[in-house]
2 protein chains.
Amino acid sequence: MDLFEQGLENEWLRQLGERGSRLTGPRRAIVRVLVRSRRALEPLELFDAVRVEAPGVGLVTVYRTLEALEELGLVQRIHESGGCRRYLRAPQGHQHVLLCLRCGQAELFDGDDLRPLFARVAARWGYQIEEHWLQLFGLCPECQKASA
Amino acid sequence: MDLFEQGLENEWLRQLGERGSRLTGPRRAIVRVLVRSRRALEPLELFDAVRVEAPGVGLVTVYRTLEALEELGLVQRIHESGGCRRYLRAPQGHQHVLLCLRCGQAELFDGDDLRPLFARVAARWGYQIEEHWLQLFGLCPECQKASA
DNA sequence: TTGGTATTGATAATGATTTTCATTATCAAT
DNA sequence: ATTGATAATGAAAATCATTATCAATACCAA
Ligand SMILES: [Mn+2]
Ligand SMILES: [Mn+2]
Ligand SMILES: [Zn+2]
Ligand SMILES: [Zn+2]
């Protein structure tokens, strides 16, 4: 078992509890899968994965748990040209997503400094910039080999 | 009448024709509204705006025309935290969107040079970067006044 | 002007997400 | 441990945006 993911799982459950949510079987199972996934998952994919270990869980509970985790900022919706219904572990701190176009694997990176750009744009248009989205798409090392 | 928008309207119709599409009344009306909008519009909003001048047009035709214009790259879907169903005139060349969080007004800016960042990320993760999304959100000058 | 056909709008179908509601499970207070 | 208030659950139904169907119409090349 991965120690980092184990810790993350406990932390998510703790935050759910903090918020007043009961720590139920279905929630534990859903959190367990989400924390460990390297890919962004659609509700139905998540549902299928959860049911492998917790067969009784309903799709509706998957939707409800995703909503709760999104409110807590533990999970984020991923936007893609093909659709925007997949969810991924949210980054900690200032990070952005790098997605593999072929297999969907996700990585988080940081180190972008866009402040000079924001300043120019703000000056040009008179906007007060509040937020920015940056997302990179490409081919992961495995998929590069596969398509070579 | 705005000359730039007039020209853009003609250009869109030309490209639709080029592609083998007939230049019908409904299409002309839809293009006219889209070309002139400073905001990204949902299909239903677009439908309502079109029906002011062309009352007979159906919602289905709005969807079909949006699809055609998106294929031609003349229109793009805008992604927001609240939903991803609005469409906006696509940028020409390398530009990105700046959106007002309050009124939805959209501006296009360029001048971002993220190549150094891409190079670092590519090296760090072994990805071959193919594409990037950058979007800024803020308050336009009018909305800043309104909320002051 | 005309004929072949792309386009249209009304309608029905679809599919993802939400709502409803009776039943069950959690957990703080005994 | 037991209890009991109530949060959470899953099945089923409802909703809502989008897509498919289809007979009638409008476009446009000839
Ligand atoms: Mn950033
Ligand atoms: Mn760019
Ligand atoms: Zn890959
Ligand atoms: Zn504004």
Side-chain angles (χ1 to χ4, degrees), chain A residues 10 12-34 40-72 75-87, chain B residues 10 12-34 40-72 75-87:
Chain A
N10 291 334
W12 285 23
L13 293 174
R14 196 191 62 70
Q15 288 199 38
L16 278 170
E18 189 96 343
R19 167 188 188 266
S21 295
R22 292 178 181 174
L23 271 30
T24 66
R27 280 185 182 149
R28 288 174 192 276
I30 292 167
V31 163
R32 160 170 284 262
V33 171
L34 271 175
L41 299 174
E42 298 190 3
L44 203 57
E45 289 180 294
L46 176 55
F47 173 69
D48 289 337
V50 166
R51 282 175 75 100
V52 171
E53 313 218 346
V57 175
L59 178 55
V60 181
T61 298
V62 169
Y63 276 101
R64 289 191 279 230
T65 304
L66 281 173
E67 188 182 7
L69 292 173
E70 194 177 24
E71 278 173 22
L72 286 171
V75 135
Q76 68 179 144
R77 183 191 289 268
I78 296 297
H79 301 260
E80 298 169 90
S81 58
C84 306
R85 47 176 63 92
R86 295 162 63 200
Y87 287 85
Chain B
N10 291 335
W12 285 24
L13 294 174
R14 196 190 63 69
Q15 288 198 38
L16 278 169
E18 190 95 340
R19 169 187 186 267
S21 295
R22 292 179 180 173
L23 271 31
T24 66
R27 281 184 181 150
R28 289 174 192 275
I30 293 166
V31 163
R32 160 170 284 263
V33 171
L34 271 176
L41 299 175
E42 297 190 4
L44 203 58
E45 289 180 295
L46 177 54
F47 173 68
D48 288 337
V50 165
R51 282 175 76 101
V52 172
E53 313 219 345
V57 174
L59 177 56
V60 180
T61 298
V62 169
Y63 276 102
R64 288 191 282 231
T65 305
L66 280 173
E67 187 183 9
L69 293 173
E70 194 176 24
E71 277 173 23
L72 286 171
V75 134
Q76 66 179 146
R77 184 190 288 267
I78 295 298
H79 301 260
E80 297 168 89
S81 59
C84 306
R85 46 176 65 91
R86 296 163 62 199
Y87 288 86

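Residue numbering restarts at 1 for every chain, and letters A, B, ... go by the order of the sequence lines. Since this is a predicted model, take the numbers as computed values, not measurements.
- Looking at the side chain of B/Val60, the nearest of the listed nucleotides D/dG10, C/dA10, C/dA16 is C/dA10.
- When side chains are defined from C-beta on, A/Leu44 does not count as touching A/Val62, because their heavy atoms never get closer than 4.5 Å.
- As rounded to whole Å, 13 Å separates atom C1' of C/dT17 from atom CD of A/Glu42.
- A/Phe47 has its CZ atom 14 Å from the C1' atom of C/dA16, to the nearest Å.
- Nearest to the side-chain atoms of A/Arg64 among the listed nucleotides C/dG9, D/dG10, D/dC27 stands D/dG10.
- Using a 4.5 Å heavy-atom threshold, the side chains of A/Leu69 and A/Tyr87 count as separate.
- Nearest nucleotide to the A/Pro26 side chain, out of D/dG10, C/dT17, C/dT26: D/dG10.
- Residue B/Arg86 is tested with B/Gln76, B/Glu45, B/Glu42, B/Glu80 for a side chain to side chain donor-acceptor pair (under 3.5 Å); the sole match is B/Glu80.
- The nearest whole Å value for the distance from the CG atom in B/Leu59 to the P atom in C/dA12 is 16 Å.
- Regarding A/Glu45, its CD atom lies at a distance of 12 Å from the P atom of C/dT17, rounded to whole Å.
- Under 3.5 Å, the side chains of B/Arg22 and B/Thr24 contain no donor-acceptor pair of N or O atoms.
- Each of B/Arg51 and A/Tyr63 lies near DNA chain C, and the nucleotide nearest B/Arg51 is the one positioned closer to the 5' end.
- To the nearest angstrom, P of D/dA7 lies 12 Å from CZ of A/Arg19.
- Applying the 3.5 Å distance criterion, the base of C/dG15 shares no donor-acceptor pair with the side chain of A/Arg85.
- The nearest heavy atom of DNA chain D to B/Arg77 and to A/Thr65 marks one nucleotide each, and the one closer to the 5' end goes with A/Thr65.
- Following rounding to the nearest Å, B/Glu67 (CD) and D/dA20 (P) show an atom-to-atom distance of 8 Å.
- In this structure, the CG atom of B/Leu13 is 16 Å from the C1' atom of D/dC28, given to the nearest Å.
- Nearest to the side chain of B/Arg22, among D/dC28, C/dT8, C/dT20, sits D/dC28.
- The base-pairing partner of C/dA22, taking Watson-Crick or G-U wobble contacts with both distances under 3.5 Å, is D/dT9.
- In this structure, the side chains of B/Val50 and B/Thr61 stay at 4.5 Å or more apart for every pair of heavy atoms.
- Base-pair partner of C/dC27: D/dG4 (Watson-Crick or G-U wobble, both distances under 3.5 Å).
- Here the CG-CZ distance, from B/Leu41 to B/Arg85, works out to 14.0 Å after rounding to the nearest 0.5 Å.
- Phosphate contact (OP1/OP2 of D/dT9, side-chain N/O of A/Arg27, threshold under 4.0 Å): present.
- Side-chain proximity of A/Thr61 to the nucleotides C/dG9, D/dC27, D/dG10 is greatest for D/dG10.
- Take the nearest nucleotide of DNA chain D for A/Val62 and for B/Ser21: the residue whose nucleotide is more 5' is A/Val62.
- Rounding to whole angstrom units, CD of residue B/Glu70 and P of D/dT19 are separated by 10 Å.
- At the heavy-atom level, B/Leu44 lies nowhere under 4.0 Å from the strands shown.
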